[in-house]
Amino acid sequence: MDLSTLTQEIFSKLEQKWLCNGEDKKTRILSIDGGGTTGIVAGTALVHLEDQIRAKTGDSNSRIVDYFDVVAGTGVGALLAAMLAAADGNGRPLFTARDAVKFLTVKQSDLYKPVTVGVFRRKKRFSSKSIDNTLKDALRRDDGKPLTLKDTCKPLLIPCFDLKSSAPFVFSRADASGSPSYDFDLWKVCRAALATPSMFKPFNLSSVDGKTSCSAVDGGLVMNNPAAAAVTHVLHNKRDFPSVNGVEDLLVLSLGNGPLCNRSQFEARRNGDCSTASVVDIVLDGVAETIDQMLGNAFCWNHADYVRIQATGTGDAGPMMTEKVLNQRGVESLPFGGKRLMTETNGQRIERVAQRLVASGKSTSLPPSPCKETAVTPTQLPNGC
């Protein structure tokens, strides 16, 4: 072995040791925002992350969920999260990141097939039958049996909003493992997460034993950035995460999907009327940005453990957009308000996260949570409330 090769190996081992310092205690969370129908920003980040993990491990079979302990997603982010976590029956992920993103691209017209409804056929929505069939085909076993929340490689959290109880409802693998009253077909969970009111009717679903039901709309209306829900889940779940005492024990990667509101148009109309659609987009962006700010504050003493990847603008899906997302300089929330433009690009920040994940090693599957004996009974509110 020549001197240069020996030196390189020594520095490589030192780097691994430095990166691993304390990493074995970190519980790793992956959170994927909702927003839009293509998930181009989060999809780009996921593909790059998985490519980097494979390059750094030298294992072409490595998957993203091998290196995370919890995965959460809302809206289109819920579909990506579910596809990454879905098990193939042998304990391995059913989809690679690239396959999941390709699915969104190829099946876009089936997931969002326009139809006209109403007496005069003037109101436009998307076909419930088309999206249902597409999700059923994707999230099933080889024998045709639908996958359920229990059939995931890692803990999965997906929020929706339940119109029956007028409250958020979070689908959780931890709950599904404890009782069939908390277990739902995975395609139905994704369908609930994608039931944006302006696009689809509310989606009614029941647990596998029929004892728990909800009338779901997209959880992005109240939880477009599910990172806080995932952090809270881990902090308060001592059975599954006994070593977690605070945010100092966490590593969070939060993936945005680009801003929904067009800021240039909003600026132009600041002195005039603002459309209802614009207000909704502003609210959804505001929810996501508020969560980012809150977590930025929570991790202010260990800010390297909270990484938020977000694009400053969106465009048509394609190679140019993918390159744009990775080459944009990262933006970081400052403690107690404001943001700063970083010197690193989104691509470089993802590469740094991949290095930390690989250095700390693969995560292990968790045992089922304690059995829950009773089913959820949604609180019925009086008419008019």
Side-chain angles (χ1 to χ4, degrees), residues 8-9 11-33 39-73 77 79-88 90-104 152-156 227 230 234 250-257 304-311 322-323 325-328 330 344-366:
Q8 184 178 1
E9 285 197 9
F11 275 101
S12 178
K13 290 183 180 296
L14 288 173
E15 180 186 37
Q16 292 287 331
K17 183 177 180 180
W18 177 77
L19 287 168
C20 278
N21 185 26
E23 287 297 305
D24 57 322
K25 297 181 180 180
K26 301 287 184 185
T27 293
R28 293 161 288 183
I29 297 172
L30 173 62
S31 173
I32 310 172
D33 281 18
I40 183 63
V41 177
T44 297
L46 290 169
V47 170
H48 190 58
L49 177 63
E50 193 165 82
D51 286 346
Q52 288 296 309
I53 288 174
R54 290 178 172 180
K56 294 179 187 303
T57 60
D59 183 1
S60 61
N61 292 318
S62 290
R63 304 289 179 86
I64 284 177
V65 293
D66 292 337
Y67 294 88
F68 283 95
D69 301 290
V70 181
V71 184
L79 179 54
L80 286 169
M83 294 181 77
L84 292 176
D88 63 1
N90 297 310
R92 293 298 297 154
L94 188 61
F95 294 89
T96 65
R98 196 173 297 278
D99 287 340
V101 174
K102 182 179 179 181
F103 174 86
L104 281 179
T152 53
C153 299
K154 294 292 171 66
L156 180 67
V234 173
L250 304 178
L251 172 61
V252 180
L253 175 61
S254 176
L255 305 179
N257 261 313
D305 290 341
Y306 170 65
V307 179
R308 171 74 169 169
I309 303 296
Q310 178 66 300
T322 297
E323 185 177 343
V325 169
L326 295 178
N327 289 336
Q328 279 185 351
E344 287 185 314
T345 65
N346 284 330
Q348 291 170 333
R349 298 181 77 205
I350 292 169
E351 291 162 18
R352 185 177 291 275
V353 170
Q355 182 66 57
R356 292 187 65 184
L357 293 174
V358 170
S360 58
K362 293 183 178 181
S363 64
T364 56
S365 296
L366 298 172

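Throughout, numbering of the chain's residues begins at 1 and tracks the sequence.
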| query | Any Lys/Arg nitrogen of D69 or K26 sitting under 4.0 Å from an Asp/Glu carboxylate oxygen of the other? | reply | no
| task | Using atom types as modelled and distance alone, determine if a side-chain donor or acceptor of N90 lies under 3.5 Å from a backbone N or O of R92. | result | no
| Can you name the side chain to side chain donor-acceptor pair (under 3.5 Å) partners of Y67, sequence neighbours left out? | none
| Is the side chain of T345 donor-acceptor paired with the backbone N or O of N327 at a distance under 3.5 Å, no angle test? | no
| Between N346 and V325, is there a donor-acceptor pair closer than 3.5 Å when you use the side chain of the first and the backbone of the second? | yes
| Separation between CD1 of I53 and NE2 of H48, rounded to the nearest 0.5 Å | 11.0 Å
| note | Smallest heavy-atom separation, G91 atom then C153 atom, equals O-SG, 3.8 Å
| query | With a 4.5 Å limit on heavy-atom distance, are the side chains of S62 and E50 in contact? | reply | no
| query | Hey, which of V70, L46, V65 is the one that makes side chain to side chain contact (heavy atoms under 4.5 Å, CB included) with L30? | reply | L46
| query | How far apart are the C-alpha atoms of R54 and D66, what are their side-chain angles, what is the distance that settles it, and do they pass the salt bridge (charged side-chain N to carboxylate O under 4.0 Å, His left out) test? | reply | CA-CA 11 Å; R54 290 178 172 180; D66 292 337; over 6 Å; no
| request: Please check if any side-chain donor atom of S363 sits under 3.5 Å from a side-chain acceptor atom of K154, or the reverse. | output: yes
| Taking all atoms of both residues into account, what is the closest heavy-atom pair of S31 and A227, and its distance? | OG-N, 3.1 Å
| Reported CD-to-CG distance for the pair Q348 and L326, which is rounded to 0.5 angstrom | 10.5 Å
| said: Tell me whether E351 contacts the main-chain N or O of Q52 through its side chain, where contact means a donor paired with an acceptor under 3.5 Å. | reply: no
| request: Working to the nearest 0.5 Å, report the span between CG of D305 and CZ of R28. | output: 12.0 Å
| Side chains of V41 and L255 in contact at under 4.5 Å (non-hydrogen atoms) | no
| Rounded to the nearest 0.5 Å, what separation is found between the CD1 atom of I350 and the CG atom of D51? | 10.5 Å
| task | Answer yes or no: is there a side-chain heavy-atom contact under 4.5 Å between L253 and I29? | result | no
| message | With heavy-atom distances below 4.5 Å as the criterion, would you say the side chains of L84 and R63 are in contact? | response | no
| Heavy atoms, side chains only, cut-off 4.5 Å: are L80 and L104 in contact? | yes
| Rounded distance [0.5 Å steps], CZ in R349 versus CZ in R308 | 10.5 Å
| said: Could you report the tightest heavy-atom contact between A45 and I309, atom names first, then the distance? | reply: CB-CG2, 4.4 Å
| query | Which heavy-atom pair separates I64 from A97 by the least distance, and what is that distance? | reply | CD1-CB, 4.0 Å
| query | Going from CG on L49 to OG1 on T44, what distance comes out if it is rounded to the nearest 0.5 angstrom? | reply | 12.5 Å
| note | Which of L250, V252, L251 passes side chain to side chain contact (heavy atoms under 4.5 Å, CB included) with Y306? Answer is V252
| request: Taking all heavy atoms of I32 and all of G77, pick out the closest pair and write down the distance. | output: CG2-CA, 3.5 Å
